[in-house]
Amino acid sequence: MSNYVRYRVPGGCYFFTVNLLERKKHLLTEHIELLRHAFRTVKQQRPFHIDAIVILPEHLHCILTLPECDDDFQAVGVRLKNFL
């Protein structure tokens, strides 16, 4: 397993990508309302601001900013991935 070193900054701005396991599926665009629901639900659990997002059929890219007291960007990504 890789041992990544990540720079954590409370209130920082972070970029992440989520890929579907089955890259030939178009689930993210075909079920956009479910994706919006996932983001709303995760935002209630772990507040963040979406600075930019690109949603493609089988993956998405997101730039988000955490609150000033939070540096755990991985918690947001994990919750989104688990929701999807």
Enquirer: Between L80 and V42, which heavy-atom pair has the shortest distance, and what is it?
Expert: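 Minimum heavy-atom contact is CD2-CG2, 3.8 Å.
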Enquirer: What closest approach, in Å, do P47 and P67 show between heavy atoms, and which atom pair accounts for it?
Expert: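 Looks like O-CD, 3.1 Å.
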Enquirer: Run through F39, F73, Y14 and flag the one making a side chain to side chain contact (heavy atoms under 4.5 Å, CB included) with F48.
Expert: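 Only one of F39, F73, Y14 forms a side chain to side chain contact (heavy atoms under 4.5 Å, CB included) with F48, namely F39.
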Enquirer: For a quick test of reading the model, state the closest non-hydrogen atom pair linking C13 to D51 and the distance between them.
Expert: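 In terms of heavy atoms, the two residues are closest at SG-OD2, 3.7 Å.
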Enquirer: Do L35 and V54 share a hydrophobic cluster, counting only Ile, Leu, Val, Met, Phe, Trp and Tyr and linking them when any side-chain heavy atoms are less than 4.5 Å apart?
Expert: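 No, separate clusters.
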Enquirer: Going hydrophobic residue to hydrophobic residue with side-chain gaps under 4.5 angstrom, can you get from I55 over to I63?
Expert: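 In one cluster: no.
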Enquirer: What's the separation between atom CD in E22 and atom CD in E58, rounded to the nearest 0.5 Å?
Expert: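 If we round to the nearest 0.5 Å, E22:CD and E58:CD are 12.0 Å apart.
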Enquirer: Could you tell me which non-hydrogen atom of I50 sits nearest to which non-hydrogen atom of C62, and how far apart they are?
Expert: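 Heavy atoms only, the tightest pair is CG2-SG, 4.3 Å.
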Enquirer: Should L64 and I53 be counted in the same cluster of Ile, Leu, Val, Met, Phe, Trp and Tyr side chains packed under 4.5 Å apart?
Expert: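 Yes, L64 connects to I53 through the hydrophobic network.
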Enquirer: Applying side chain to side chain contact (heavy atoms under 4.5 Å, CB included) to L66 and V76, what does each step give before you reach the verdict?
Expert: CA-CA 9 Å; L66 298 178; V76 173; 4.1 Å; yes
Enquirer: In the single-linkage hydrophobic clustering (I, L, V, M, F, W, Y; side-chain heavy atoms under 4.5 Å), do L27 and L56 co-cluster?
Expert: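 No, L27 does not connect to L56 through the hydrophobic network.
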Enquirer: Search all heavy atoms of L20 against all heavy atoms of R23 and return the closest pair with its distance.
Expert: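 Distance-wise, the nearest heavy atoms are O-CD, 3.5 Å.
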Enquirer: How long is the span from the CD atom in Q74 to the NZ atom in K81, to the nearest 0.5 Å?
Expert: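 One gets 9.0 Å once the value is rounded to the nearest 0.5 Å.
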Enquirer: Taking a hydrophobic cluster as the set of Ile, Leu, Val, Met, Phe, Trp and Tyr residues connected by side-chain heavy atoms closer than 4.5 Å, whether directly or through intermediates, do L28 and L21 fall within one such cluster?
Expert: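 L28 and L21: separate clusters.
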Enquirer: In terms of ring plane angle, is the pair H61 and F15 parallel, tilted or perpendicular, where the classes change at 30° and 60°?
Expert: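 Rings of H61 and F15: parallel, under 30°.
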